[in-house]
Amino acid sequence: MQAFFDSFAWITNPTVILRQSMAGIANGMLLFLVASGLSLIFGVTRVINFAHGTFFMLGAYLAFTVVGSSLNSWSSFLVMLAVATAGMFFVGILFEVCILRRIYRSAQAFQLLVTFALVLIAGDAVLLIWGNADNSMSLLHELDGFVRLFGVSFPVYRLFLIGVGSGVCLLLWLLLYRSRWGVMVRAATVDRDMLGALGVNVGRVFSLVFGLGSALAGLAGGLAAPIVSIGPGLHGQVLTDALVIVAIGGLGSFSGSFVGALLVGEANAFGILAFPQMAIVVPFLLMMLVLIARPRGLFGRPE
Amino acid sequence: MSNILRVGAIAGLCLTLFAGAAYCAEPSVRIGLIDMYSGVFAFQTGQIRTGFEIALDEANSLGGVKGQKFELQVADMGTSVEKAITEGRRMILNDKLHYVVVGSHAGAALALGQLIKGRDDVFVLGGIATSKHFTAEVGGPMIGRSNLSTVEMGRILAEHLKTMPDIKTIATIVPDFEYGHDFADDNVAAIKAARPDITVTRQEWPKLGTADFTPNVTALQSNPPDLVVSGLISGDIISFLKAAKGFGLFEGKTRFFNSALDLAKLSAYKDGMPDGSLATVWYPFYALNSPENTKFVDEVKKRTQSYPVGATLVGYVAGRMITEAIRKGGNPERANAASQAMDGLPFASPVGPVKVRGCDNVASYNYFLGTVKRSTDFPDGIGLADVRAYNPSTLQRSCDEILKLREH
């Protein structure tokens, strides 16, 4: 019993709480970049893309291919992000046009199988192209190190990621809610047949949305490349977390992904702090509670 | 016409001689090697195979056994234990193999150990799989292991900590699967026995393949220990060290220890691994000076154009262990003869002499602990200094303990 209470000793320590909260935000913001793309794709195409984690991994590999293990200038950093994002945009569009477009009317289980097949094919392609070694990329010197925030050390790069995540969030919001294209995308999530009847090229909307969602995963992979191990197993955990976020936030909801990512980030952080041996289940417990209270997720809408 | 007849007659004679020679040639002794050659865990299986092939080639250059050559039969289990069982069954039942080695998957080794329970015509050897249960609870006369287990790993660190009185608190971080749990349990138990004054402040259990270790790092910072004892493997070490560096976990008093590192891969950890970190390794090839070591390193470089890693050494020991036992047993068709020959089997290796214990058929050879240092003396500018050898044979569980575990 004493051990149980000892595991909550941090409750009286505001520094620990603050540091863990910030770690949760940093963790959540990286996950948001991945989950937002997954949610966007599902919202429009109604396909749960199991290959989304693979796009994240491929983004990291593309970034590594561009700069190698040493990241030494802003220009190479930006080029690496551009290649990861654009590369996954085109891979996504190619996959949608060549494969997915043919199975939109098929059963969802079949769609899942097809995207899972891409996971397996891409996994072996990665082994073939990049080998099975785990690779590491250094941080850009200007973004290395840590700063003191409210008496707590916090990595500069994590702050940068929070900034980028927030910026991407704002841009996506503007794109979806303040542009003509966004109106079409939102219309496609409600009634794709009606949108087609109005003369909109729905196929192109679907392709671009899938490309944009994949590009977000690629961007996340590129941004994560300097802080993770770039190896053939990179996609698995990210996909699981992204699926939990999308379920919590509501399938297809953009704002749901943002809130869901922060909730999962904090659940991870405080789950690990309070229940280290059971931390794995905390995000899933959170998902279960949310789905019991709101079966469509926090921001999900009825079909 | 006569020319055609002559050519035909010669060709016929050649074919007859060739067929006769093939019929009369001794069949080879086939040894099965099941491992994860595809999928995300394929990072070390190629090296295990390289080491194993070197051992087989050496045995063949000595004449094999009773005129029969050793031949390797490889099967890919992907990441599936079920596939390993299928491949194991095929090797044993269809291909009539008497010797099967499971390269690196502890679960597959345990499953195949169960599969051959009660048989005396098949010997199963575990390669780099470090499960302590394989040669204890599951073990028997027809099961062996060519690597140390988490028990010895823990006891080696505990022994070393006797020389570090400044370490008063530790925290563990291990992947949340069987190996990680065994590693944490055995390290904590050994440390508590050797250094009762050391307190365990936290235990972290991240999922295997965690991309972002930030919450684990900040949790460790909530009560910074003197030493973080890590059983993380592969890319998880890189991701953890990067998160630790970002949050300055090792900027203060806290030091880092990682078990079972590969020196050839240290360059991948260079960004985050602090100088002064402790590490255990199977094979500090550049710190060893023996003809066996030089020969082995040269051979590995010739075959792979790369440095040997721990898995290459363990694969080599596995290959030597099984071929030496078969040779000593004298009858490759009788796996139980090879099993009996395991008792006290000695042979040389790049890391010094190897000796196999009879009660559980476990090979013991030097395992090393050192301090991470950046220097141009090392390949890739980073390596292990102050390397100290520990022989697991002095730290193993006793035969009585093993037999008791089998009774349960």
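Naming: A, B, ... by sequence-line order, numbering from 1 per chain.
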Shortest non-hydrogen contact from [X] to [Y]?
| X | Y | answer |
| --- | --- | --- |
| B:Glu204 | A:Ile272 | OE1-CG2, 3.1 Å |
| A:Ser229 | B:Ser239 | N-OG, 2.9 Å |
| B:Lys245 | A:Asp144 | NZ-OD2, 3.3 Å |
| B:Glu251 | A:Phe146 | CG-CZ, 3.9 Å |

Legend entry - CG on B:Asp176 to CD1 on A:Ile280, rounded to 0.5 Å: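 Output value for this atom pair is 3.5 Å.
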Legend entry - Rounded distance [0.5 Å steps], CG in B:Asp236 versus CG in A:Asp134: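 Answer for the CG-CG pair, B:Asp236 versus A:Asp134, is 8.5 Å.
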Inset, instruction - Please look at A:Asn27 and chain B and tell me whether the side chain, the backbone, both or neither of the residue comes under 4.5 angstrom of a heavy atom of that chain. - result: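 Contact with chain B is through both the backbone and side chain of A:Asn27.
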Inset, instruction - Answer with side chain, backbone, both or neither: which region of A:Val228 has an atom nearer than 4.5 Å to a non-hydrogen atom of chain B? - result: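 Contact with chain B is through both the backbone and side chain of A:Val228.
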What pairs of donor and acceptor atoms, side-chain ones from residues 218-227 of chain B against any protein atom, are under 3.5 angstrom apart with sequence neighbours left out?
{"unit_1": "B:Thr218", "atom_1": "OG1", "unit_2": "A:Gln20", "atom_2": "OE1", "d": "2.8"}
{"unit_1": "B:Thr218", "atom_1": "OG1", "unit_2": "A:Gln20", "atom_2": "NE2", "d": "3.4"}
{"unit_1": "B:Thr218", "atom_1": "OG1", "unit_2": "B:Thr214", "atom_2": "O", "d": "3.1"}
{"unit_1": "B:Thr218", "atom_1": "OG1", "unit_2": "B:Pro215", "atom_2": "O", "d": "3.2"}
{"unit_1": "B:Gln221", "atom_1": "NE2", "unit_2": "B:Phe247", "atom_2": "O", "d": "2.7"}
{"unit_1": "B:Ser222", "atom_1": "OG", "unit_2": "B:Ala219", "atom_2": "O", "d": "2.5"}
{"unit_1": "B:Asp226", "atom_1": "OD1", "unit_2": "B:Lys253", "atom_2": "NZ", "d": "3.3"}
{"unit_1": "B:Asp226", "atom_1": "OD2", "unit_2": "B:Lys168", "atom_2": "N", "d": "2.7"}
{"unit_1": "B:Asp226", "atom_1": "OD2", "unit_2": "B:Thr169", "atom_2": "N", "d": "3.1"}
{"unit_1": "B:Asp226", "atom_1": "OD2", "unit_2": "B:Thr169", "atom_2": "OG1", "d": "3.4"}

Legend entry - Pairing residues for B:Ser230 by the side-chain hydrogen bond (donor to acceptor under 3.5 Å, both in side chains) criterion, not counting sequence neighbours: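 Listed in chain order: B:Asn258.
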Legend entry - Between B:Lys242 and A:Ser136: side-chain donor-acceptor atoms closer than 3.5 Å: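 Yes, a side-chain donor-acceptor pair sits under 3.5 Å.
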Legend entry - 4.5 Å side-chain heavy-atom contact, B:Arg202 and A:Leu273: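 They are in contact (side-chain heavy atoms under 4.5 Å apart), so the answer is yes.
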Legend entry - Other residues, nucleotides, ligands: >12 heavy atoms within 6.0 Å of A:Phe116 CZ: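 No - once you tally the heavy atoms of other residues, nucleotides and ligands closer than 6.0 Å, there are 12 at most.
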Inset, instruction - Sort out for me which of A:Gly231, A:Gly145, A:Ser138, A:Ser153 touches chain B most, counting heavy-atom pairs under 4.5 Å. - result: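 Answer, by heavy-atom pair count under 4.5 Å with chain B: A:Ser138.
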Inset, instruction - Report the C-alpha distance between B:Lys207 and A:Asp241 in whole Å, list the side-chain angles of each, state the deciding distance to 0.1 Å, and finish with yes or no for side-chain contact (heavy atoms from CB on, under 4.5 Å). - result: CA-CA 12 Å; B:Lys207 284 168 274 192; A:Asp241 285 340; 4.1 Å; yes
Legend entry - When B:Ala211, B:Ala243, B:Gly272 are compared by non-hydrogen pairs under 4.5 Å with chain A, the top option: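 Most heavy-atom pairs within the cutoff with chain A belong to B:Ala211.
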